[in-house]
2 protein chains.
Amino acid sequence: MKEFENKKVSIKDVAKAVGVSTTLVSLVINGKAKQYRIADEMAGRVMAKVKEMNYTPNLMARNLRGGKTQLIGLIVTDISNPFFSMISRVIENRANELNYTVIFGSSDEKYTNTQKLIDVLLNKGADGLIIVPCDGSERIMEKLHLNKTPIVLIDRCFKNIDISFSCLDNHRATVIATQHLIEQGFRKISLIAYQSQMSNVMDRISGYKDTMRKAGLEKQINVKQVSFSNTKSDVFGTVKRFVEKDKTEAILFSTNMLSIHGLTCLKEMNVKIPDDVAVVGFDESDVFDLYECPVSYIKQPVEQIGKTAVDILVDKIKNGESTKQSMAVLEPELIVKRSSLRNG
Amino acid sequence: MKEFENKKVSIKDVAKAVGVSTTLVSLVINGKAKQYRIADEMAGRVMAKVKEMNYTPNLMARNLRGGKTQLIGLIVTDISNPFFSMISRVIENRANELNYTVIFGSSDEKYTNTQKLIDVLLNKGADGLIIVPCDGSERIMEKLHLNKTPIVLIDRCFKNIDISFSCLDNHRATVIATQHLIEQGFRKISLIAYQSQMSNVMDRISGYKDTMRKAGLEKQINVKQVSFSNTKSDVFGTVKRFVEKDKTEAILFSTNMLSIHGLTCLKEMNVKIPDDVAVVGFDESDVFDLYECPVSYIKQPVEQIGKTAVDILVDKIKNGESTKQSMAVLEPELIVKRSSLRNG
DNA sequence: CTGAAAGCGCTTACAG
DNA sequence: CTGAAAGCGCTTACAG
C-alpha cells in the first residue's frame with residue numbers, strides 16, 4: 001500500500017518524475033517561478049507532481065543550506081506552572097498560525113539551566129527564542145543579543161539592555177490593587193513577593209510601595225520576599241506573621257503560586273476572609289472562584305503577552321532586525337470579588 | 001571579544017586547528033576512538049581543542065547524514081490543561097536526562113489537528129512521538145506504527161492495535177473510587193464522563209458500572225457523558241439534574257476539568273458536601289484542597305506515566321524496535337478527604 | 001592508526 | 001527559460 005511506504009520522497013524523485021532538474025523543482029516550490037520566468041505550464045506540471053507524490057521538503061537539509069527551521073525555542077521557568085502553561089498555549093497557537101513549531105524547556109529559575117537550554121535549543125536549530133529570564137541571566141541575554149540571535153523576553157525584562165520584550169505593566173498591576181484596597185478602607189496592607197531582582201518582582205513591589213506612600217501609609221509598608229526553593233513554608237511563616245503579629249488587614253499576593261500557598265495557609269489558620277483579612281491574588285486560578293470566599297485578583301492579558309511576543313520574534317527572524325528593540329507593556333486588569341471588599 | 005563571535009565553529013575548524021582530518025575529529029567526538037584504534041594522545045589533543053573552541057556538532061547536518069535529531073515530538077490535547085502540563089514537565093525532564101528535547105503541539109481532541117501535528121513534528125525531524133490520541137485517530141496511529149515510526153501513546157490507548165502505551169489503569173481507578181463510596185454507604189452514585197470512545201473514558205465508565213453491578217446496585221447506575229465543546233454548560237446541566245431530579249447521593253467526576261466545573265456548579269447551587277452530595281474528583285488540582293470541603297480524588301501516577309513513556313520511546317528510537325509493543329498500565333491512588341465520607 | 005571522498009536533501013549563483 | 005555543480009556540516013565506508 002502506497003500510503004504505508006516509509007521513505008520520504010525527495011526533490012530528486014519529483015524532478016525525475018517530471019523529467020526536469022532539481023533546480024527547477026526547487027525554484028517552483030519556493031515560489032520563484034515568476035522571478036526566474038519559468039513557463040507557467042512547466043510550473044503547473046511540477047506543482048501537480050509535488051501534490052501527487054505528497055512531497056514535503058526536508059527541513060534539515062533546508063536549514064543546513066542556510067535557511068531556517070521554522071522552530072521557535074521557548075524557555076519558561078516551569079511549564080507545569082499554570083501561568084506558564086497558559087502562555088505556552090497562546091504562543092503555540094500563534095506560532096502555528098505563522099508556520100512555526102515550538103520547542104521548549106523549563107529553567108526552574110536557574111540561570112545555569114537557562115544557559116544550557118539556550119545552547120540546546122539553538123543547536124537544534126531554533127530560528128529564535130522566547131525566554132522568561134531569571135535572576136543572574138542578564139549577561140547571558142546580553143550576549144545572545146549582541147550575537148544577533150532573534151530573542152524576545154516575556155514576563156520580565158532588563159531595563160539596561162535593549163532587548164525586545166512583552167510584559168505586563170507590573171508596576172501598574174500592584175498600583176491598582178493597592179489603590180483598591182485603600183479605597184476599601186484598609187490601611188495595614190502587606191505584600192508577599194518572591195526573593196528576586198527581576199523586573200516583574202521589583203516593579204510589583206514598587207507599585208505597591210509608591211501607592212502606599214502616596215496615600216500617606218508609608219509607615220504601613222510591609223513587604224516580605226520568599227525564596228523560590230522553600231516557597232510554601234516561607235509563605236506559611238509570612239502569612240502567620242502578617243496575621244498574628246503584624247495585624248495585617250489586607251494581603252496582596254504577587255504571583256499565582258504565592259496566592260495559592262497563602263490561601264491554603266489562611267484556610268488552615270481558619271482566618272475569615274475578608275472579615276479578618278482581605279486578600280488580592282495574582283494571575284488566574286480555578287482556586288480563586290472556588291475558594292470559600294471568592295478571591296479578587298490581578299489578571300494578566302496572557303493572550304496579548306504571548307501573541308505579541310511571537311509577532312515580535314517572527315518579525316525579527318524574517319526581517320533580520322534582531323537588534324531593533326520592541327517593547328510591549330500590557331495592561332493588567334483588577335477583577336474584584338468579595339475577598340477584598342470592606343463589607344464583603 | 002571572542003565570546004561574542006557569531007559564526008559557530010565547525011568540525012572543519014577543529015580539524016584545522018589540531019592539524020588532522022575531519023574524519024579523525026568526528027571519530028573522536030563520537031566516542032569511536034578505541035574502536036578505530038586512534039592513539040590516546042591524538043584523541044586527547046582533539047578533545048582538548050573541542051573544549052577549547054567550544055565546539056558542538058550541528059544537529060541538522062548530523063540528522064541529514066542519517067542520524068537523529070534528539071528531538072521528541074509530543075502531542076497532547078491541550079498544554080494549558082494542568083494534567084497535561086504536569087505530564088509535559090515530567091516528559092521534558094526525563095527527555096533532557098536522556099539528551100532529548102521536546103517539540104510539542106495541542107490537538108484540542110481533533111484528529112485532523114493530530115494528523116497535521118504529526119506531519120509537522122516528523123517533518124521537523126522528531127526521532128519519535130509521544131501522543132495523547134483522540135477520537136477518530138486510530139487509523140492515523142496504525143499508519144504511523146506500520147511505517148515503523150517510533151511512537152508511544154499516553155493517557156489513552158487502542159486495544160486493537162499493538163502500539164506501545166503508558167496509561168493509568170483507568171478501570172481500576174473508578175473501581176476503587178466507586179467501592180469507596182459504596183463502603184461509605186452511598187447507593188445512588190452517578191458518574192460524569194466525556195463524550196468519547198477513547199479507552200480512558202470507556203474504562204473509567206466500565207470500572208464504575210462493574211463495581212455498581214457487583215454490589216447489586218445495577219439499578220442505580222447513572223452515567224452522563226458531556227461534550228468537549230460545551231463542557232461547562234453540559235456539566236452544569238448534568239449536576240443539576242443529578243442533584244435535583246435524580247437525588248444522586250454521590251458524584252464521581254472522571255477528569256480534572258469535569259471535577260472543577262462540577263464543583264463550581266455545586267458551589268453555586270449551595271449544595272453541602274458531603275452532607276447533601278458526596279464527591280470524588282479526578283487528577284490533582286489545587287482546588288481540591290482549597291474547596292470549602294476538601295475533595296477526595298483519584299490521583300494518577302503522573303511521574304511514572306511520563307517517565308515510562310519516554311523510556312519506552314527512547315528504547316524504540318535507539319534499538320529500532322519500534323514494532324515491539326510495551327504496555328505500561330499504572331496504578332491509581334485514591335486520596336480520601338472529607339468530601340466522600342458518610343459522616344464527613 | 002589516519003585521510004580523501006562520497007553523499008544525506010536542499011538552494012543558489014553561474015552558465016547557457 | 002532550464003540544468004550542472006558547488007556547498008551547507010556531518011559521518012562512514014574505503015584505502016592505505
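Here is the naming used below: chain letters follow the sequence lines, and residue numbers restart at 1 for every chain. Please read these numbers as outputs of a predicted model, since none were measured by experiment.
Going from atom CG of Leu64(A) over to atom C1' of dC10(D) covers 8 Å, rounded to whole Å. When the P atom of dC1(D) is taken as reference, atom CZ of Arg45(A) falls 14 Å away, rounded to whole Å. Rounding to whole angstrom units, CE of residue Met60(B) and C1' of dC10(D) are separated by 13 Å. In this structure, Asn58(A) atom CG and dG9(C) atom C1' are separated by 6 Å, rounded to whole Å. One can place CD1 of Ile29(A) at 6 Å from P of dT11(C), the figure rounded to the nearest angstrom.
Under the salt bridge (Lys or Arg N to Asp or Glu O under 4.0 Å) criterion, the residue pairs touching residues 107-119 of chain B are Arg89(A)-Asp108(B), Glu109(B)-Arg156(B), with sequence neighbours excluded.
Listed candidates were dT2(D), dC1(C), dT2(C). Nearest to the side chain of Met42(B) is dT2(C). Side-chain proximity of Tyr55(A) to the nucleotides dC1(C), dC10(D), dC10(C) is greatest for dC10(C). Side-chain proximity of Ala61(B) to the nucleotides dG9(C), dT2(D), dC10(D) is greatest for dC10(D).
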Check nucleotides 12-16 of chain D against the protein and report each pair of N or O atoms closer than 3.5 Å, with its distance, or say if there are none.
| residue | atom | partner | partner atom | Å |
| --- | --- | --- | --- | --- |
| dT12(D) | OP2 | Lys32(B) | NZ | 2.9 |
| dT12(D) | O4' | Arg65(B) | NH2 | 3.1 |
| dT12(D) | O4 | Thr23(B) | OG1 | 3.2 |

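Remark: Lys49(A) pairs with Glu52(A) by the side-chain hydrogen bond (donor to acceptor under 3.5 Å, both in side chains) rule, at least two apart or across chains.
Taking NZ from Lys124(A) and CG from Leu71(A), the interatomic distance works out to 10.5 Å, rounded to the nearest 0.5 Å. To the nearest 0.5 Å, atom OG1 of residue Thr112(A) and atom CG of residue Leu117(A) are 9.5 Å apart. Considering OG of Ser199(A) and CG of Leu153(A), their distance stands at 8.5 Å, rounded to 0.5 Å.
Side chain of Asn30(A) to main chain of Lys32(A): no donor-acceptor pair is present (N/O by atom type, distance under 3.5 Å, no hydrogens or angles). Side chain of Asn81(B) to backbone of Phe83(B): a donor-acceptor contact under 3.5 angstrom is found.
Non-hydrogen atoms lying under 4.0 Å from DNA chain C are contributed by nothing in residues 115-124 of chain A. Contacts between residues 12-19 of chain A and DNA chain C, counted as heavy-atom distances below 4.0 Å, involve no residue at all.
Between Ile75(B) and Ser107(B) the shortest heavy-atom distance is CG2-CB, 4.1 Å.
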(message) Let me check I have this right: for DNA chain C, each base becomes ., (, ), [, ] or |, based on Watson-Crick or G-U pairs with both distances under 3.5 Å. What is the full string?
(response) |||.||||||||.|||
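Where Ile11(B) and Val20(A) meet DNA chain D, the nucleotide closest to each residue was compared, and Val20(A) sits on the side nearer the 5' end.
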